[in-house]
Asks: 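Below you will find the structure I want to go over with you.
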Amino acid sequence: MRHHIRWTGDTLELLDQRRLPHEVVDVVCRDAAETADAIRDMVVRGAPAIGITAAYGLALEARRGGDLAAAHERLMASRPTAVNLRWALERLADVPAGELEAEAVAIHEEDVGINQAMGEVGASLIPSGANVYHHCNTGALATGGWGTALGVVRSLAAAGKRPHVYVGETRPYLQGARLTAWELLEEGIDHTLVCDSVAASVMPRCEAVLVGCDRVAANGDVANKIGTLGLAILAKHYGVPFYVCMPMSTLDQKAPTGADIPIEERSAAEVRGFGDVVWASESPIANPAFDITPAALVTAWVTEEGLWTPPDGA
Ligand code: MRU
């Protein structure tokens, strides 16, 4: 896949994920403010990708001799749930201004290796020829490259294990339909796009559910794209393993449980329609972007270091 986060030295070029799959165009960021806007407006999204982008945003600000404390604050506030943003900015906190660029590049490059290691761990859990259900977009686009849950799918395919993916469309923002299906088409990996409401019907045919995460609390509760909780409940009902693919940077030891994770509420316009098309009237709308899946519904947390278990977990 073409690079979706590209550091040129003077600018940061982001593949505009709002316009995929129909248009492949970039947004260029020149400072931290433009980078924070790109994160907030979903030009780039997905927890690890947001962290990498924020790191480059700080590096951009350092290059132009800007106010790094203000840049840090602005980037940190751009989206509230994905903890990778905080993780990346904390990692950069004590780095001298002249070394921020090299550290941002290191964060980006390390992420690809982390995903590939996680992919190997996850692929070892899933049999050949499996049907897997996938939610949102956790692929190359959501990370530095390769992907977390979709990275496991890539690793399965690379190992010749011929996975078939049920791609949940992921209302309201359609990351599954627009982004995951596009990535799988590009890779030539067998998949079927389904409406979210089809999940219960296909779940009995699945060997695994694979999802990513935006923040995992110390007790293992998982914040991920809205709809994840429903899939976990379905998986439990049908006895299907429910795997959360979690880079260690997504574990928040400062949040004791899922109740301590802030949930982003997004605009009503995302539910009322899409783009210029509006299909709902003026009813009050709730649009929480994430939900919390209790640790008890998770079969395993797949990380780059192997399987992780919460300290008090079975
Ligand atoms: O709102 P988004 O598109 O940023 O949400 C993304 C997700 O929920 C992903 O599942 C999560 O970030 C993991 S990405 C590897």
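Counting starts at 1 for both ligands and their atoms, following the listed order. These figures come from a predicted structure and were not determined experimentally.
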Asks: Near Gln175, which atoms of ligand 1 are under 4.0 Å from a heavy atom of that residue?
Replies: 1 (O), 2 (P), 3 (O)
Asks: Say whether Pro48 and ligand 1 are in contact under the criterion: heavy-atom distance to a ligand atom below 4.0 Å.
Replies: yes
Asks: Could you tell me whether ligand 1 has any atom less than 4.0 Å away from a heavy atom of Phe290?
Replies: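 Judged by the 4.0 Å heavy-atom criterion, Phe290 does count as contacting ligand 1.
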Asks: Only heavy atoms of Ala142, strictly under 4.0 Å: list the atoms of ligand 1 that pass.
Replies: 14 (S), 15 (C)
Asks: Side-chain contact test, heavy atoms from C-beta onward, threshold under 4.5 Å: evaluate it for Val302 versus Met246 and give yes or no.
Replies: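 Result no, sub-4.5 Å side-chain heavy-atom pair not found.
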Asks: Among Thr138, Leu150, Thr180, Asp214, whose heavy atom sits nearest atom 7 (C) of ligand 1?
Replies: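 The residue whose heavy atom sits nearest atom 7 (C) of ligand 1 is Asp214.
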Asks: Can you confirm whether Trp301 sits close enough to Cys213 that some side-chain heavy atom of one is under 4.5 Å from a side-chain heavy atom of the other?
Replies: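 No - every pair of side-chain heavy atoms lies 4.5 Å or more apart.
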Asks: Cationic tip of Arg178 within the cone over Tyr173's six-membered ring, i.e. under 6.0 Å and within 45° of the normal?
Replies: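 Because its charged atom sits under 6.0 Å from the ring centre and within 45° of the axis, Arg178 does stack over Tyr173.
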Asks: Kindly confirm or rule out an N or O of Ile50 lying under 3.5 angstrom from an N or O of ligand 1.
Replies: no
Asks: Please list, in number order, the atoms of ligand 1 under 4.0 Å from a heavy atom of Arg79.
Replies: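 Atoms satisfying the 4.0 Å criterion: 1 (O), 2 (P), 4 (O).
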Asks: Using a 4.0 Å heavy-atom cut-off, which part of Ala47 comes near ligand 1: side chain, backbone, both, or neither?
Replies: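 Contact part for Ala47 vs ligand 1: both backbone and side chain.
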Asks: Atom 10 (O) of ligand 1: which protein heavy atom is closest, and how many Å away?
Replies: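 Atom 10 (O) of ligand 1 sits closest to the protein heavy atom Asn224 OD1, 2.7 Å.
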Asks: Please name the residue in the list His191, His134, Arg205 that meets the side-chain hydrogen bond (donor to acceptor under 3.5 Å, both in side chains) test with Tyr166.
Replies: Arg205
Asks: For residues Glu265 and Asn287, is any side-chain donor paired with an opposing acceptor at under 3.5 Å?
Replies: no
Asks: Pick one of side chain, backbone, both or neither for how Thr148 approaches ligand 1, counting any non-hydrogen atom pair under 4.0 Å.
Replies: side chain
Asks: By the definition side chain to side chain contact (heavy atoms under 4.5 Å, CB included), identify the one residue from Leu297, Asp260, Val216, Thr257 that meets it with Asp221.
Replies: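 Result: among Leu297, Asp260, Val216, Thr257, Thr257 is the only option passing the side chain to side chain contact (heavy atoms under 4.5 Å, CB included) with Asp221.
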Asks: With backbone taken as N, CA, C and O and side chain as the heavy atoms from C-beta onward, which portion of Cys213 lies under 4.0 Å from ligand 1: side chain, backbone, both, or neither?
Replies: backbone
Asks: Is His135 touching ligand 1 with its side chain, its backbone, both, or neither, if touching means heavy atoms under 4.0 Å apart?
Replies: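 No part of His135 is near ligand 1 at this cut-off.
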Asks: Lys225 heavy atoms, cut-off 4.0 Å: which ligand 1 atoms fall inside?
Replies: 1 (O), 2 (P), 5 (O), 8 (O)
Asks: Regarding Glu61 and Arg30, does a basic nitrogen lie under 4.0 Å from an acidic carboxylate oxygen?
Replies: no
Asks: Any Lys/Arg nitrogen of Lys254 or Asp252 sitting under 4.0 Å from an Asp/Glu carboxylate oxygen of the other?
Replies: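 So Lys254 does not pair with Asp252 through a salt bridge.
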Asks: Within less than 4.0 angstrom of ligand 1, does Glu264 place any heavy atom?
Replies: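 False for this residue.
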Asks: Would Lys236 pass as a cation-pi partner of Phe242, given that its NZ or CZ must be under 6.0 Å from the six-membered ring centre and within 45 degrees of the axis?
Replies: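 No, Lys236 and Phe242 do not form such a contact.
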Asks: Decide whether an N or O pair under 3.5 Å exists between Thr143 and ligand 1.
Replies: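 There is no such contact.
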Asks: Charged N to carboxylate O under 4.0 angstrom, Asp190 versus Arg162?
Replies: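 Salt bridge flag = no for Arg162 with Asp190.
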